[in-house]
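Below you'll find the structure, written out as structure tokens, and then a few comments.
Basis for what follows: all heavy atoms, side chains included, without hydrogens, waters or symmetry-related copies.
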Amino acid sequence: MTHLLPSLVQEELSAAEAVRQHFCSLGRSGIHAPGYFVQTFGCQQNEADSERLAGLAAAMGYRKVDTPDEADLILVNTCAIREHAEKKALSIIGQYKHIRDKNPGLIIGVGGCMVTQTHRSDKLKNSYPYVSFTFDTGAIHKLPSLVRDALTISRRQFIHSEEYSIAEGLPLAREQKHMAWLSVMYGCNNFCSYCIVPYVRGRERSRRMDDIVEEAKMLIADGAKDITLLGQNVNSYGKDLTEGYDFADVLHRVCALPGDFRVRFMTSHPKDASDRLIEAIATEEKIVRHLHLPVQSGSDAVLKRMNRRYTAEYYCSLIDKMRAAVPDISLTSDIIVGFPGETEEDFNATLEMLKYVRYDMIFSFIYSPRIGTPAAEMPDQIPHEISTERFERLLALQNAISDERNKRFIGRKLRVLVEGTSKTDENVLTGRGDMVRPVHFVGSKDRIGGFTEVEITASSTFSMEAKEIR
Ligand code: 5AD
Ligand code: SF4
């Protein structure tokens, strides 16, 4: 069953209410309410999941606190995409022991992709006795009963779902008023040979169109001005539904909603990027002129071993089609360096791909073997020194391209959404235009959360400078 029974969600919401009343009976409400702190690692999907965890924590009567030291409930939402992400999460969880020593009532729960792997949840169970529970990516909705059991019967639980479904109707506590995540589907069917995601997020399942549209309406009413539609591969949205919708239909329905807002989406697998998707980007004014289309490698031999199911030539033809439809589009990509068996020639093909496409920006990663994936068992794993050296060359080339690409905006007027102030100067605002780079300009803080017009005056590798012109 794709959707979780509403009665099961209801049971959890009742558990949340029971926890809230438990705290109320102890006089712990209002300013005396217990604190929650959510620590998130990884991708936007995890950010979105964390907003549900926060929503459930609020429903249980917890109030958000700014540091883990103030918390009575710490939730760590982990990532498993590379070893580094797992190490970081384990190290943070290790540090929380000191907080727990000072506050024996503290509940620490660990969720997300890392603990969906049995060897990781076993490790937390056996070597981190102060971790109260773990819950996999299919068990987010179970947070209230996990907390209730930890509080009332001191029960440690380590949940592994039998199957993954969609839980509608969970409360949401959003991080940023003007930016919003909206998951349209969960899971992945692609089994790229390096990737752990299909093993930790289950098979693709699409939300019902009406549920997505209703949530978009709610977000817009709540002040969202920039909505990112999320899925591991949004281009296969709807394949598991009987209605015959595809992702382009989702885009058209969301864009048709009244209001001044923008729409982004990620991620798109090149093999599933359709003409209808390209047409939607070209015709819908609310869609940001940006496509994140991960190529991973420019070498056909590597792409084949990665199980990506397209060739470099096909990918380039897609880019040509995209640019013909939306000439000024900003393109971004993910690249893996040092995949098993990658030769110097293969790597050069990736550099050639960068020169051909001229991405505005790339996210590049050194290949990290993941237990249980086919690539981890492949011969010719690449020594770290070689991967690092290739990685540096890749970055140097991309930085030069980004520099060059960003110059095209100088002198242009852009409508930007003001996101906040610059980290280094309170008087400088940071905004985002259609493209992927932040835009910095001097302006008043009351602009934050709204749109304004700027003219770009200078650009660098990672950002733009502008002056406000409204
Ligand atoms: N090693 C390195 N990078 C990886 N990615 C996914 N799995 C791995 C891995 N095992 C990268 C891919 C993907 C991005 C989200 O993370 O480039 O698109
Ligand atoms: Fe991983 Fe490939 Fe699925 Fe992306 S499409 S989540 S890289 S398996």
(request) Using only heavy-atom distances, determine whether the side chains of Q117 and S121 contain a donor-acceptor pair under 3.5 Å. (result) no
(message) So does V295 get a backbone contact from the side chain of D334, meaning a donor-acceptor N/O pair under 3.5 Å?
(response) no
(request) Considering only NZ, NE, NH1 and NH2 on the basic side and carboxylate oxygens on the acidic side, decide whether R208 and E243 come within less than 4.0 Å. (result) no
(request) Check the pair I329 / H290 against side-chain contact (heavy atoms from CB on, under 4.5 Å), numbers first and verdict last. (result) CA-CA 6 Å; I329 192 158; H290 166 221; 5.5 Å; no
(message) Heavy-atom count check: over 12 atoms from other residues, nucleotides or ligands less than 6.0 Å from H84 NE2?
(response) no
(message) Tell me if the NZ atom of K286 is crowded by more than 12 foreign heavy atoms within 6.0 Å.
(response) yes
(message) Measuring from atom CD of E51 to atom CG of L56, what distance do you get when rounded to the nearest 0.5 angstrom?
(response) 12.5 Å
(request) Taking the six-membered ring for Trp and the single ring otherwise, decide whether the centroids of F247 and F265 are under 6.0 Å apart. (result) yes
(request) Using distance alone, with no hydrogens and no angle criterion, decide if T461 and N399 have a side-chain donor and acceptor under 3.5 Å apart. (result) no
(request) Please confirm whether the backbone N or O of G55 pairs with a side-chain atom of R174, one donor and one acceptor, at under 3.5 Å? (result) no
(message) Does L8 have more than 12 heavy atoms from other residues, nucleotides or ligands lying within 6.0 Å of its CG?
(response) yes
(request) Classify the angle between the aromatic ring planes of Y359 and Y315 as parallel (below 30°), tilted (30 to 60°) or perpendicular (above 60°). (result) tilted
(request) Considering only NZ, NE, NH1 and NH2 on the basic side and carboxylate oxygens on the acidic side, decide whether D260 and K225 come within less than 4.0 Å. (result) no
(message) Apply side-chain contact (heavy atoms from CB on, under 4.5 Å) to residues Q45 and L230 and explain how you reach the verdict.
(response) CA-CA 7 Å; Q45 188 60 60; L230 291 178; 3.9 Å; yes
(message) Does the Lys NZ or Arg CZ of R82 fall within the cation-pi geometry relative to F365 - under 6.0 Å from the ring centre and within 45° of the axis?
(response) yes
(request) Determine whether the aromatic ring centres of F363 and H292 lie less than 6.0 Å apart. (result) yes
(message) Check this for me: does any side-chain nitrogen of one of E83 and K88 sit under 4.0 Å from a carboxylate oxygen of the other?
(response) no
(message) One thing to verify: whether R201 and D49 come together as a salt bridge, which I'm taking to mean a side-chain N less than 4.0 angstrom from a carboxylate O.
(response) yes
(message) So that I can tick it off, tell me whether R264 and E284 are bridged by a salt bridge, with the cut-off set at under 4.0 angstrom between side-chain N and carboxylate O.
(response) no
(message) We want to know whether D240 and S206 form a side-chain donor-acceptor pair, criterion being a heavy-atom distance below 3.5 angstrom.
(response) yes
(message) Looking at N233 and H269, would you say the former's side chain and the latter's main chain have a donor-acceptor pair under 3.5 Å?
(response) yes
(message) Tell me whether E377 at atom CD has more than 12 heavy atoms from other residues, nucleotides or ligands lying less than 6.0 Å away.
(response) no
